There are 4 protein chains.
Amino acid sequence: MSVDPNNPIPIYQQITDYIRRSIAAGVYRPGEMIPSLRVLALELTVNPNTVQRAFETLEREGLIHPRKGLGMFVTRHGATSAQSQSRTAVYETFVQGIRAGYDANMTTRRIRGVFEQAARDVATEVRSAK
Amino acid sequence: MSVDPNNPIPIYQQITDYIRRSIAAGVYRPGEMIPSLRVLALELTVNPNTVQRAFETLEREGLIHPRKGLGMFVTRHGATSAQSQSRTAVYETFVQGIRAGYDANMTTRRIRGVFEQAARDVATEVRSAK
Amino acid sequence: MSVDPNNPIPIYQQITDYIRRSIAAGVYRPGEMIPSLRVLALELTVNPNTVQRAFETLEREGLIHPRKGLGMFVTRHGATSAQSQSRTAVYETFVQGIRAGYDANMTTRRIRGVFEQAARDVATEVRSAK
Amino acid sequence: MSVDPNNPIPIYQQITDYIRRSIAAGVYRPGEMIPSLRVLALELTVNPNTVQRAFETLEREGLIHPRKGLGMFVTRHGATSAQSQSRTAVYETFVQGIRAGYDANMTTRRIRGVFEQAARDVATEVRSAK
DNA sequence: GTGGTCTAGACCACA
DNA sequence: GTGGTCTAGACCACG
């Protein structure tokens, strides 16, 4: 994973989203520890304060909790919460794209066509990344 | 249309996108004038300078051009350019959503299901707005 | 002749320069009348006020003077004044270009090379326009 | 360097040109940081927003890019791009001067004479500035 | 009335 | 400290 500094979405939120999706995907399971602040900051070449802010958000959402001197751990309901949140995020993104399509006077059919093309493109991209 | 100041996407860019989609949709046709700086600023309750910045971008993209003392007019190729640009924007949004879905370990089928639900929801929302 | 509305130089000044050069070139000779405000405004598709402002400048410079009910006439010394002024304008333009060249760390030789190329290009352009 | 508010060329563009030439001249090299917004604004006694606008243009041209929280840095190809752009600008200035000369009925020889005088004058001016 | 430029001053994210 | 966005209000050229 990497962070896009040119993306208008704040970096801390990009990180928040990334960790949330990782929890949803089972990369980090309930009871397990997620990578430490410093490790993430180094990996993403980002200021530790920024990672810290992402941790705060996830803690407020109840996905992770701190154990003193150890690190941040995924909560019991973390996985299921993260999954529904991720699904909602995807849903919202699609809604936004579909609305933009209608605004530009595209037909429902044409919008679906664009989606299918995007799906094909991402699928091949994912496959080739393996 | 209205602007969302809490949206991380800068206001001037929201306005740019909005006008671009309007041109793509044929609301403003080649050779026609688009609403003036001050009118748009009042409608969107935004500072005129912010609208000005949107105009700059659209002019750089070749969608509109100024006629001194008169206003900004849609260029000859403005409509077709705006359409292809809008399509690309929708595509990119979908790609982003699909990637997020895969990252959260959703199957292609499940992602498509979310899309279809979003499509249905937006369609009814659009219909009821009429 | 035509006016470039995108040129940062004000239109009234573009017109002033143009008339001054025409007088210098002998298109309009001392004692002769220059085209009327309305004619020029129509030809250049410019607001009459803008032409008016150019006339004021030229009158202040002593190149032309009004004869009531007739129009603007080139003064006795108009031709020679216009010639020296035009020469100065060309000189100043060159100075500006040469300074920009030095600022960009170009050698005198290289700058002269650019000038010679420009001279060739304009010469062929002028020849083909005949 | 200083800015001329009476120059019809907008201040932000004067600043853009100045920085572009500095990059072309190797004052700021690829990978290096250029002076900050606030520093430039103080030096030129200009509003920071005006400098910001110059930065925007240079970024769009691909000469510089921002590093969050650090400053603006010259891109890899910044120097070569700036050099060719500066050369073109000098060329355009000369073309403009030569055209004005022909319009004023000057001979090619006479125009070249004016150029040579300008070259001598600027050369001595530069030499004495050392 | 139109767009274009500029200043002053504010708040934000990031290092 | 850095750049990025936004507001408020001013002046200008042009029609």
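None of these values were measured; they are calculated from a predicted model.
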S.K.: Can you find a pair of side-chain heavy atoms, one from C/Ile98 and one from D/Phe94, that are under 4.5 Å apart?
M.R.: yes

S.K.: Over how many whole Å does the gap from A/Ile15 atom CD1 to E/dA15 atom C1' extend?
M.R.: 14 Å

S.K.: Verify, without hydrogens or angle tests, whether B/Ser81 (side chain) and B/Gly78 (backbone) share a donor-acceptor contact under 3.5 angstrom.
M.R.: no

S.K.: Indicate yes or no for a side-chain donor-acceptor contact from D/Gln14 to the backbone of D/Ile9 under 3.5 Å, with no hydrogens or angles considered.
M.R.: yes

S.K.: With a 4.0 angstrom cut-off to heavy atoms of chain D, pull out the first and last contacting nucleotide of DNA chain F, in 5'-to-3' order.
M.R.: F/dG1 to F/dC6

S.K.: Among residues 28-55 of chain B, which ones have heavy-atom contacts with DNA chain F below 4.0 Å?
M.R.: B/Val46, B/Asn47, B/Asn49, B/Thr50, B/Arg53

S.K.: Reading 5' to 3' and counting Watson-Crick or G-U wobble pairs with both distances under 3.5 Å, write the dot-bracket notation for DNA chain E, | for bases paired outside the strand.
M.R.: ||||||||||||||.

S.K.: Between D/Met72 and B/Ile11, which is nearer to the 5' end of DNA chain F once each is assigned its nearest nucleotide?
M.R.: D/Met72

S.K.: Between A/Gln85 and A/Arg20, is there a donor-acceptor pair closer than 3.5 Å when you use the side chain of the first and the backbone of the second?
M.R.: no

S.K.: Just how far is it from atom OG1 of D/Thr16 to atom CD1 of D/Ile11, taken to the nearest 0.5 Å?
M.R.: 11.5 Å

S.K.: Out of curiosity, B/Ile64 CD1 to B/Met72 CE, how far, rounded to the nearest 0.5 Å?
M.R.: 3.5 Å

S.K.: Please confirm whether the backbone N or O of D/Ala41 pairs with a side-chain atom of D/Thr45, one donor and one acceptor, at under 3.5 Å?
M.R.: no

S.K.: Evaluate the ring planes of C/Phe73 and C/His65, with Trp represented by its six-membered ring, and classify them as parallel (under 30°), tilted (30 to 60°) or perpendicular (over 60°).
M.R.: tilted

S.K.: Would you compute the distance between atom CD of B/Glu61 and atom OG1 of B/Thr75 and round it to the nearest 0.5 angstrom?
M.R.: 10.5 Å

S.K.: Look up atom OG in C/Ser84 and atom OH in C/Tyr91, then write down how far apart they are to the nearest 0.5 Å.
M.R.: 14.5 Å

